[in-house]
Amino acid sequence: KAGVTQTPRYLIKTRGQQVTLSCSPISGHRSVSWYQQTPGQGLQFLFEYFSETQRNKGNFPGRFSGRQFSNSRSEMNVSTLELGDSALYLCASSAGTSGSTDTQYFGPGTRLTVL
Amino acid sequence: QQPVQSPQAVILREGEDAVINCSSSKALYSVHWYRQKHGEAPVFLMILLKGGEQKGHDKISASFNEKKQQSSLYLTASQLSYSGTYFCGTEGEDSNYQLIWGAGTKLIIKP
């Protein structure tokens, strides 16, 4: 099976711009979670989608949004970028069908730099 | 409510053992362990569920003490390939498909 793919791998933006990141989960997986990773902060949960519905959301401002399509591919959007948004954004896919959190398979991430 | 991982970093010689701890202030349903090498994505190691047994494969094992709300990851006879940052992700009994992650433990193995 092909792994989780994320595009683009690297992005450089300026403050005030917006950005869209894409994640294609493992075939058959219906859950996609998004994380922000910064040095020293570990993985911060953004949101999780399952069958096109957001099931959970972390404590991030409304500038961070996402969606999931019928083929389980997911996009994350950040509007009005701030310097502090510079980070590695990881998505993880899982089957999502059990009653709790399944094994998550991470993509390689998108490195976002805001200048 | 972020779980606390200890130690923050550890340096070992090849062949030595290591223990990484993950403690939560909340009642836990499961604990997930991942390893991330520099510049790579986190890779799944194992999940421990409430009421489940200690798990392990190869020379890496883990335990989950539900009463103390903590988990420990044991690396025996460490190999150079064990180097990386280890993260625990915790799922509370009241969580909803959300893992709360520790800040990570950086493990450096020297030959």
Side-chain angles (χ1 to χ4, degrees), chain A residues 2-6 9-10 23-26 29-51 53-60 66 68 74 87-111, chain B residues 1-9 20 22-24 26-52 55 57 62 64 66 71 84-107:
Chain A
V4 179
T5 58
Q6 290 187 247
R9 293 293 311 279
Y10 301 91
C23 172
S24 293
I26 292 171
H29 283 187
R30 295 162 64 187
S31 169
V32 173
S33 298
W34 286 91
Y35 297 93
Q36 180 193 67
Q37 186 176 35
T38 53
Q41 290 293 318
L43 294 158
Q44 302 295 313
F45 174 76
L46 282 155
F47 26 67
E48 187 255 356
Y49 286 88
F50 177 80
S51 293
T53 300
Q54 187 182 85
R55 286 197 298 195
N56 210 342
K57 189 177 189 304
N59 296 322
F60 277 80
Q68 187 180 34
S74 178
L88 179 67
Y89 290 88
L90 292 162
C91 82
S93 83
S94 65
T97 52
S98 75
S100 63
T101 307
D102 295 322
T103 300
Q104 300 198 352
Y105 299 86
F106 284 84
T110 294
R111 174 75 62 185
Chain B
Q1 294 170 343
Q2 180 182 38
V4 177
Q5 284 188 238
S6 62
Q8 289 184 314
I20 299 172
C22 174
S23 296
S24 174
K26 293 179 56 175
L28 298 177
Y29 176 76
S30 68
V31 180
H32 303 225
W33 286 98
Y34 286 74
R35 177 174 61 211
Q36 184 178 31
K37 293 182 179 289
H38 184 69
E40 299 180 9
V43 173
F44 170 77
L45 293 175
M46 63 189 77
I47 296 176
L48 297 103
L49 301 177
K50 180 180 178 180
K55 286 197 170 183
H57 59 86
F64 179 21
E66 301 155 24
S71 175
T85 300
Y86 290 77
F87 292 97
C88 68
T90 57
E91 181 181 16
E93 291 183 330
D94 59 348
S95 72
N96 182 20
Y97 307 101
Q98 177 181 353
L99 289 179
I100 308 298
W101 298 85
T105 295
K106 188 169 185 177
L107 178 63

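Chain A is the first sequence line, chain B the second, and so forth, proteins listed ahead of strands; every chain is numbered from 1.
- When side chains are defined from C-beta on, Ile47(B) counts as touching Thr103(A), because their heavy atoms get closer than 4.5 Å.
- Heavy atoms closer than 4.5 Å to chain A are found nowhere in Gln8(B), neither backbone nor side chain.
- If you measure heavy-atom distances from Phe50(A) to chain B, you find no contacts under 4.5 Å at all.
- In this structure, Gln54(A) contributes its side chain and Phe47(A) its backbone to no donor-acceptor pair below 3.5 Å.
- Remark: side-chain polar atoms of Tyr35(A) are not paired, donor with acceptor, to backbone N or O of Phe106(A) under 3.5 angstrom.
- Side-chain contact, Trp33(B) with Ser71(B): a donor N or O sits under 3.5 Å from an acceptor N or O.
- If you measure heavy-atom distances from Gln2(B) to chain A, the contacts under 4.5 Å come from the side chain alone.
- At a 4.5 Å heavy-atom cutoff, the contact between Leu90(A) and chain B is made by side-chain atoms alone.
- Glu91(B) and Ser30(B) are linked by a side-chain donor-acceptor pair at a separation below 3.5 angstrom, with hydrogens and angles left out of the test.
- Comparing Gly39(B), Pro42(B), Ala103(B) by how many heavy-atom pairs each has under 4.5 Å with chain A, the most go to Pro42(B).
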